[in-house]
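Here is the naming used below: chain letters follow the sequence lines, and residue numbers restart at 1 for every chain.
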Amino acid sequence: MGEYISVIVDLPVKQVNKEFTYHVPEEWQDSVHLGRKVIVPFGNQKKDGYVIAKKDKAEVETKDILEVADDIVYFNQELLQVAQWMAEYYQCYLITAIKAVIPSGDLKIKTKRVVELAQSKSATKQKINELKNRAPKQAEVLRYLVDHKADLITTELANKVDTSSGTIRRLADRGLVIYEKKEVKRDPYQNLDFDESNNLDLTSEQEQALNSIMEAVNNNQSQTFLLKGVTGSGKTEVYLQAIDQVLEQGQGAIVLVPEISLTPQTITRFKGRFQEQVAVLHSQLSSGERFDEWRRIKNGEAKIVIGARSAIFAPLSDLGLIIIDEEHETTYKQDDHPKYHAREVAIYRAGLKQAATVLGTATPSLEAYYRTQNEDYQLLELHNRIDDRPMPEVEVVDMREELNRGNRTMFSELLQEEITTRLEEEEQAIVFLNRRGFSTFVQCRKCGYVMRCEDCDVSLTYHSNPPLLHCHYCDHKEKVPDNCPECGSKYIKYFGVGTQKVEEQLNELFPEANIKRMDVDTTRKKGAYRRILSDFKEHKIDILVGTQMVAKGHDFPNVTLVGVVTADTALNFPDFRSSERTFQLLTQVAGRTGRGDKGGEVVVQSYTPEHYSIQLAKEHDYKSFYEQEIASREATSYPPFSKLINFLVSAEDEDKVIKNAHKLGELVRGKIEILENNEIQVLGPVQAPLSKLQGKFRWQLIIKGQELDLLREISDYAVTELRDMSISENVKVSVDVDPLRML
DNA sequence: CGGTATTTTGGG
DNA sequence: CCAAAATACCGA
């Protein structure tokens with residue numbers, strides 16, 4: 001068996017998106033199998049390829065493979081199936097899906113040279129006596145090696161016995177010691193200490209949830225659970241104890257968390273409970289570190305994987321449980337191809353292995369909660385916070401009234417009062433605003449001209465330190481002009497509020513308070529993020545101002561106030577999910593307070609306080625929010641009542657983009673007509689909400705329908721046809737199945 | 001993608 | 001009519 005192999009060639013092109021058969025010369029037939037990387041002749045070039053099957057005979061004339069690329073087994077049957085599923089579901093080439101599944105970057109095993117005794121200890125002891133007088137240093141080195149089970153590199157050993165590497169070299173020449181290459185694993189957390197922790201007592205709700213999950217695990221059912229628990233209700237403890245039991249059965253678990261929650265705090269919690277059985281995978285690791293963690297998982301040293309989105313592809317051999325924390329987070333959707341959603345991949349993979357999946361969140365995505373209603377998922381609820389702490393009191397302030405009463409600042413009277421009280425009581429506050437920078441746009445008061453990014457067509461944000469205009473989409477920076485580029489007037493004014501301005505104004509209002517800002521700008525440096533959080537925890541900071549970053553997952557018992565400067569920012573996005581986003585964000589931010597025994601309060605400022613996502617977030621009423629929102633989705637037949645595919649057409653030439661977008665629309669509509677389907681809707685083509693990004697113009701087209709298979713057929717047809725047309729050269733058409741953000 | 005075979009174009 | 005340039009095709 002196995003003279004021939006099926007290979008997927010590393011060339012992301014439609015015509016090459018299929019299996020190619022190669023012959024394997026005798027000498028490699030044992031080592032070349034599924035998941036190996038080979039170098040093959042392709043056309044008149046050499047290409048990398050991945051083996052996806054072995055076969056006895058070839059239906060076509062074959063060539064020999066040229067080489068075996070390395071000795072890494074990149075994937076097994078299970079992960080290949082995951083890749084194949086992704087390629088089909090998300091409409092990408094198999095090679096693209098495979099490359100998302102396997103580790104990338106510099107895959108080198110790191111070694112160090114260690115010195116070992118060449119002979120037995122007793123033989124060496126004799127030599128020590130012989131050498132003692134003639135070469136005392138050499139004798140000392142040998143003595144050290146006899147006494148210690150040393151695993152030292154040459155220079156370290158030399159230092160230990162206070163000599164130079166020459167001494168050791170001489171010993172090697174005499175054949176008394178040997179150098180050996182020894183593999184080392186790069187451990188990103190080797191300098192951190194983890195206090196061991198044990199299982200905590202569970203509340204009866206936690207107990208029930210755990211039991212349900214374990215029942216599925218024990219029966220090898222690929223059940224998906226939605227663990228809906230308010231912030232601070234102890235979801236993590238349920239995860240930990242479920243994993244504990246999964247381990248006892250000899251199985252492994254994957255825990256996905258949003259990148260932003262992958263803080264030392266989270267890792268400590270898991271490492272504290274399971275020590276070196278935990279592998280961590282995230283984007284901050286070097287490719288070498290990631291590769292070593294990947295290998296620890298693959299060879300069974302680590303049975304628990306905690307990581308961001310792509311950790312769903314961890315090569316665990318016996319997967320029993322997948323946990324997706326903060327299930328509603330949009331970071332679980334990959335931005336580039338394959339544009340997969342980790343939740344969907346997880347459920348597919350769990351299905352292959354009869355593993356259970358737990359989706360944890362305080363604010364389920366509409367899709368997930370909907371699936372509990374038709375009993376696709378099983379709902380597990382934690383209604384109470386640990387120690388029965390009450391939910392924080394939320395006050396919504398109508399900023400229009402504030403203005404009517406003559407308050408022209410960005411802080412309502414209530415928020416100012418509350419902050420004052422906190423400072424007096426020596427408690428802490430978080431002030432949240434979903435925009436960084438100082439002012440969100442810069443405008444000429446005479447002609448109304450707004451400063452925009454030349455490459456992205458979005459307004460530039462003014463940052464005060466240093467005073468520059470930033471584009472938040474392409475990172476372009478420029479100086480603030482003295483005169484309006486349009487009319488030449490010098491009446492340039494800054495509008496809109498960003499975190500820098502909030503920080504500045506708070507400093508003016510509360511000069512005695514220690515105020516810090518946490519956003520992308522202040523956490524760019526390595527370790528800055530952790531420092532700010534630990535300073536805040538130790539109360540070296542009274543008020544923490546920040547973006548999204550302050551909203552996620554942290555636990556600060558002394559924070560008794562959260563202020564939301566404007567709740568409307570997300571609400572005004574042109575996206576059918578804007579209400580959902582707003583509700584989730586407000587609930588998450590509110591959850592940062594009232595985690596200690598002093599209770600907590602939230603002040604939400606808004607210009608549309610009557611909006612249901614704000615009102616129901618105030619009431620902590622997810623159920624009502626869900627009912628209202630799901631009704632609106634049903635009325636407009638948006639997901640979960642339909643499926644969407646979004647096409648993004650982009651190019652540097654605006655005319656071309658428009659022409660192609662319209663052509664795409666024609667092709668799509670034509671195909672729908674041929675299919676005689678009157679249910680599928682075509683939205684667009686229209687200019688994309690971000691109409692120009694990094695120098696490329698963008699148009700989009702959405703198709704909406706019940707049957708994803710039909711939508712894919714249409715998409716496949718239209719994209720293929722368009723690509724074959726000469727008008728589409730230098731034009732990119734990107735297909736997004738189940739798009740999350742329509743920007 | 002990158003080469004090679006095939007077709008188109010336009011200058012003299 | 002020819003050769004350069006644009007285009008189509010193919011890979012095991």
Original post:
Could you state the NZ-P distance from A/K46 to B/dG3, rounded to the nearest angstrom?
Top reply: 14 Å

**OP:** Classify the nucleic acid contact of A/Q15 as base, sugar-phosphate or nothing, counting any heavy atom under 4.0 Å across all strands shown.
**Re:** base

Original post:
Regarding A/K14 and A/T720, is there a side-chain donor-to-acceptor distance under 3.5 Å anywhere?
Top reply: yes

**OP:** Please work out which of the three classes, parallel, tilted or perpendicular, describes the rings of A/H472 and A/H470, given edges at 30° and 60°.
**Re:** perpendicular

Original post:
With under 30° as parallel and over 60° as perpendicular, where do the rings of A/W699 and A/H662 fit, or are they tilted in between?
Top reply: tilted

Original post:
Any luck finding a side-chain donor-acceptor pair between A/S365 and A/E327 under 3.5 Å?
Top reply: yes

Original post:
Have A/Y90 and A/D736 got a donor and an acceptor in their side chains that come within less than 3.5 Å?
Top reply: no

Original post:
Checking all strands, does A/F42 fall into the base, sugar-phosphate, or nothing category for heavy-atom contacts under 4.0 angstrom?
Top reply: base

**OP:** Return no unless some side-chain N or O of A/N44 is found under 4.0 Å from OP1 or OP2 of B/dT4.
**Re:** yes

Original post:
Heavy atoms under 4.0 Å, any strand shown: does A/P41 hit a base, just sugar-phosphate, or nothing?
Top reply: sugar-phosphate

**OP:** Just call it for A/E59: base, sugar-phosphate, or nothing, with non-hydrogen atoms closer than 4.0 Å on any strand.
**Re:** nothing

**OP:** Using only heavy-atom distances, determine whether the side chains of A/E259 and A/S283 contain a donor-acceptor pair under 3.5 Å.
**Re:** yes

**OP:** Walking along DNA chain C from 5' to 3', note the first and the last nucleotide with an atom under 4.0 Å from a heavy atom of chain A, and give both.
**Re:** C/dC10 to C/dA12

Original post:
Which part of the nucleic acid, if any, lies within contact of A/T21, taking any heavy atom under 4.0 Å across all strands shown: a base, the sugar-phosphate backbone alone, or nothing?
Top reply: base

